[in-house]
Amino acid sequence: MIDKILADQVVATVNELYNLSLSASDLSLSKTRKEFEGDYTLVVFPFVKAARKSPEQCATEIGQALVARTPFVESFNVIKGFLNIVVSSTEWLNFFGQKFNASAFGYAETKSDETIVVEYSSPNTNKPLHLGHVRNNLLGFSVSEILKANGKNVVMVNLVNDRGIHICKSMLAWVKFGEGETPESSGLKGDHLVGKYYVAFDKHYKAEIVGLVESGMKKEDAEKNAPLILEAQEMLRKWEQGDDATIQLWKMMNSWVYKGFDETYQRMGVSFDKIYHESETYLLGKDLVQKGLDAGVLFRKEDGSVWCDLTGDGLDEKLLLRADGTSVYMTQDLGTAMLRFDEYKPNKMVYVVGNEQDYHFNVLRLVLKKLGASWAEGIYHLSYGMVELPQGKMKSREGTVVDADDLIDGMIQTAREMTEQLGKLDDFGSEEAKRLHYNIAMGALKYFILKVDPKKTMMFNPAESIDFNGNTGPFIQYTHARICSVMRKATERGIKVSSELTYGMEMLGEKEKSLVKLLHDFPAVVQEAGNNLSPALVANYIFDLAKEYNQFYHDHHIMREENEAIRQFRLDLSFFTATVIRNGMKLLGIEVPEKM
RNA sequence: GGUCGCGUAGCUCAGCUGGAUAGAGCAGCAGCCUUCUAAGCUGCGGGUCAUUGGUUCGAAUCCAAUCGCGAUCACCA
């Protein structure tokens, strides 16, 4: 790409002129700001000392040398210590001619031999998915797509948390209060049905605590001794012992949940190469802990519980096995990590998990290293921020949790209303219209969430998320549909996108040039998004591109242009833009319609 | 209390490992459809980049302190 070549040229020039040995990372070469003339700008302040010249002199010297040695550097101008470099229009058009027809533009051309396992979603099977999971799923899927676009060999995995005390809570509540209710009998989606009993458990449990406190027990003791919690704990022990009836119940209720999850995953458009179940991996963790004990890396306390001492690393002691021998979250995560490493030998393991677990992953990495797993260095916690609502954080107690299925339904509903209001679907069949509503709804939702830097806490404002104007998914989808409309017009007149470039640089007007330059940036954006595991970079780039195209579209005729060569160039340019919009949105998991 | 993270326009967010006069969208106001999709385009107003100090040619960006917000430090996951 042009910027890379230019950077090499600049490095060579500066090194020769001032007898230095800099590398490309030592200099600041960036895109020239809009208000100045030029394409790339070099800040020369860093080497004025070595050069022993004024910034202006320095910049001028470098500029002259660049023009002399680099064919595509047409001219330059100097403002203070800034050297603005002008790349020839011919060079931009060369780039355009080479790439405008490339359907996979932006994606790596060569496959890397690096393997990356991306874990995301990781739901518990005791309640349905909510808004927080939505961010997780969208991030995990998009990051995986971005890594694939960078040529990585990506394995998308889901670790389903299908066992543990929380699962027993909903099971127990169903036994006690369920009266045999099933998804079939009630018409409730399986995950929602099970979630209902998880809530029921909590309600009855709380009531028991209140009762015990009133009869004189301390709150702490009441929480530990309420009959329901004791029964749930008993159920967990039975489960770990493989008690038949318990296992049967567990299998039945989990199967309801899986059916419900599958539906939601499908609607969100996410998928997995491999699904791990904690019930199948937690014993591996126990083995590991045993080995750690044997090796003397871990220690056992008097009550029989097993711990890892991390005080030497500035952390505390961490529990790995309870006194009764049952395992905790960390135990199974150790086992799963080991299993996963053995299966795929990945160079990196990315965990898409909320930032409230930062501590957990520090510990996980440390304990694995203590257990002798040097590959634990490759564990990367993609720690994303919480999703907040205008009223504050989501709280199940206050009933402010935004359910994933409800959210999607609401988005589709709004998309339908908007589309009908605008009267755009007149020539759509009902299936086609349904498909469109779905695509717009998911485009809006996905874009709204992915455009924010993953690390940051984000605000989910329902009213804004269904706004389809401005920096939104539908705005970008609309731009794509518009281009497709132009393409149809062209086809009607028997005009096709060129198979190769046949026109010259006189085509390149101001707006066209800035569009071409923006298109040129796309592969670098995909790379950076891959390095930073940040879909937001892709999202913001596509928005800029769509905005730029809409201005071009507004200012210029395409099919109405009389000059044949110019018309052809603008058509090709539109086609290229559509490709980049499509390729970029695909990385976010968003479909772009041809009509809307 | 210890540790970690975050404070940019009324609101939601960009601003890459320091670079030119801090940018978008929404909301508000004013314009643009006999012309390829107006879910669009154009213009206007709106900022002590939490505060204070430091590092240097240059700081929203790096460092320190202070204030405010959040997370975490469970035999929860």
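A, B, ... follow the sequence lines: proteins, then strands. Residue 1 opens every chain. These numbers were taken from a predicted model, which means no experiment stands behind them.
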Practice problem: Both distances under 3.5 Å, Watson-Crick or G-U wobble: report the partner of C67(B), or none. | Solution: G7(B)
Quiz prompt | Opposite nucleotide pairing with U21(B), Watson-Crick or G-U, both atom distances under 3.5 Å | solution = none
Quiz item: If you check every side-chain atom of Arg482(A), which of G7(B), G40(B), A20(B) has the closest atom?
Solution: G40(B)
Practice problem: Can you check whether any acceptor in the base of A20(B) is under 3.5 Å from a donor in the side chain of Asn84(A), or vice versa? | Solution: yes
Exercise. Starting from C1' on C57(B), measure out to CD on Glu56(A) and report it in whole angstrom.
Key: 12 Å
Practice problem: State the pairing partner of C62(B); accept Watson-Crick or G-U wobble contacts with both distances under 3.5 Å, and report none otherwise. | Solution: G54(B)
Exercise. For Phe543(A) and A24(B), say yes or no: do the ring centres fall under 5.5 Å of each other while the ring planes differ by less than 30°?
Key: no
Self-check item: Protein-nucleotide distance (Met459(A), atom CE; G10(B), atom C1'), rounded to Å
Solution: 14 Å
Self-check item: Rounded interatomic separation in angstrom, taking CG from Asn355(A) and C1' from C73(B)
Solution: 15 Å
Self-check item: ring pair (Phe, Tyr, Trp, His ring centres under 6.0 Å) against Phe460(A), all qualifying residues, sequence neighbours excluded
Solution: Phe448(A)
Self-check item: Donor + acceptor pair across side chains of Asn137(A), Ser121(A) (<3.5 Å)
Solution: yes
Exercise. Looking at every strand, decide which applies to His480(A) at a 4.0 Å heavy-atom threshold: base, sugar-phosphate, or nothing.
Key: nothing
Practice problem: Starting from P on G40(B), measure out to NZ on Lys547(A) and report it in whole angstrom. | Solution: 12 Å
Quiz prompt | Strand partner of U72(B), provided both Watson-Crick or wobble distances fall under 3.5 Å | solution = G2(B)
Exercise. Report yes if a side-chain nitrogen or oxygen of Asn471(A) is closer than 4.0 Å to either non-bridging phosphate oxygen (OP1 or OP2) of A14(B); otherwise report no.
Key: no
Exercise. Using the aromatic ring of Phe82(A) (for Trp, its six-membered ring), decide whether it stacks on the base of A20(B) within the limits of 5.5 Å and 30°.
Key: yes
Self-check item: Contact under 4.0 Å: Arg33(A) side-chain N or O vs A20(B) OP1/OP2
Solution: yes
Practice problem: Between C11(B), C41(B), A20(B), spot the one nearest the side chain of Phe475(A), thanks. | Solution: C41(B)
Exercise. Establish, with yes or no, whether the OP1 or OP2 oxygen of U37(B) is under 4.0 angstrom from a side-chain nitrogen or oxygen of Lys489(A).
Key: yes
Quiz prompt | Exercise: do Thr457(A) and Glu388(A) side chains pair donor with acceptor under 3.5 Å | solution = no
Quiz item: Among G40(B), C36(B), G19(B), which is the nearest nucleotide to the side chain of Val486(A)?
Solution: C36(B)
Quiz item: So which nucleotide does G28(B) pair with, by the Watson-Crick or G-U wobble rule with both distances under 3.5 Å?
Solution: C44(B)
Quiz prompt | Phe552(A) and Tyr549(A) aromatic centres sub-6.0 Å | solution = yes
Practice problem: Tell me yes or no: between the side chains of Asp358(A) and Ser383(A), is some donor less than 3.5 Å from an acceptor? | Solution: yes
Quiz item: Looking across every strand, which nucleic acid part, if any, lies under 4.0 Å from Lys49(A) by heavy atom: base, sugar-phosphate, or nothing?
Solution: sugar-phosphate
Quiz item: Hey, is Tyr478(A) stacking on G40(B)? Ring centres under 5.5 Å, planes under 30°.
Solution: no
Exercise. Look at the side-chain N and O atoms of Gln551(A) and state whether any lies under 4.0 Å from the OP1 or OP2 oxygen of U42(B).
Key: yes
Quiz item: Separation of Arg52(A) atom CZ from C57(B) atom P, in whole Å?
Solution: 16 Å
Quiz item: Roughly, in whole Å, what's the span from CZ in Phe428(A) to P in U37(B)?
Solution: 13 Å
Exercise. Whole angstrom is fine here: how far is it from CG in Leu315(A) over to P in A74(B)?
Key: 11 Å
Quiz item: Within the structure shown, what part of the strands sits under 4.0 Å from Asp453(A) by heavy-atom distance: base, sugar-phosphate, or nothing?
Solution: sugar-phosphate
Practice problem: Among the candidates U72(B), U21(B), G19(B), find the nucleotide nearest to the side-chain atoms of Phe45(A). | Solution: G19(B)
Self-check item: Euclidean distance, atom NZ of residue Lys451(A) to atom C1' of G25(B) [Å, nearest integer]
Solution: 7 Å
Exercise. Please determine, for the side chain of Ile558(A), which listed nucleotide (C36(B), G15(B), A77(B)) has the closest atom?
Key: C36(B)
Quiz item: CD1 of Ile558(A) to CD of Gln568(A): how many Å apart, nearest 0.5 Å?
Solution: 12.0 Å
Quiz item: If you take atom types as modelled and just measure distance, does the side chain of Thr479(A) reach the base of A39(B) with a donor-acceptor pair under 3.5 Å?
Solution: no
Quiz item: If you look at every strand shown and take non-hydrogen atoms under 4.0 Å, does Met330(A) touch a base, only sugar-phosphate, or nothing?
Solution: nothing
Exercise. Just call it for His557(A): base, sugar-phosphate, or nothing, with non-hydrogen atoms closer than 4.0 Å on any strand.
Key: base
Exercise. Taking only the side-chain heavy atoms of Ser30(A) (C-beta and beyond), determine which of C16(B), A20(B), A77(B) contains the nearest atom.
Key: C16(B)
Quiz item: Which base, if any, makes a Watson-Crick or G-U wobble pair with U34(B), both distances under 3.5 Å?
Solution: none
Quiz item: Reckon Lys456(A) has a side-chain N or O less than 4.0 Å from the OP1 or OP2 of A14(B)?
Solution: yes
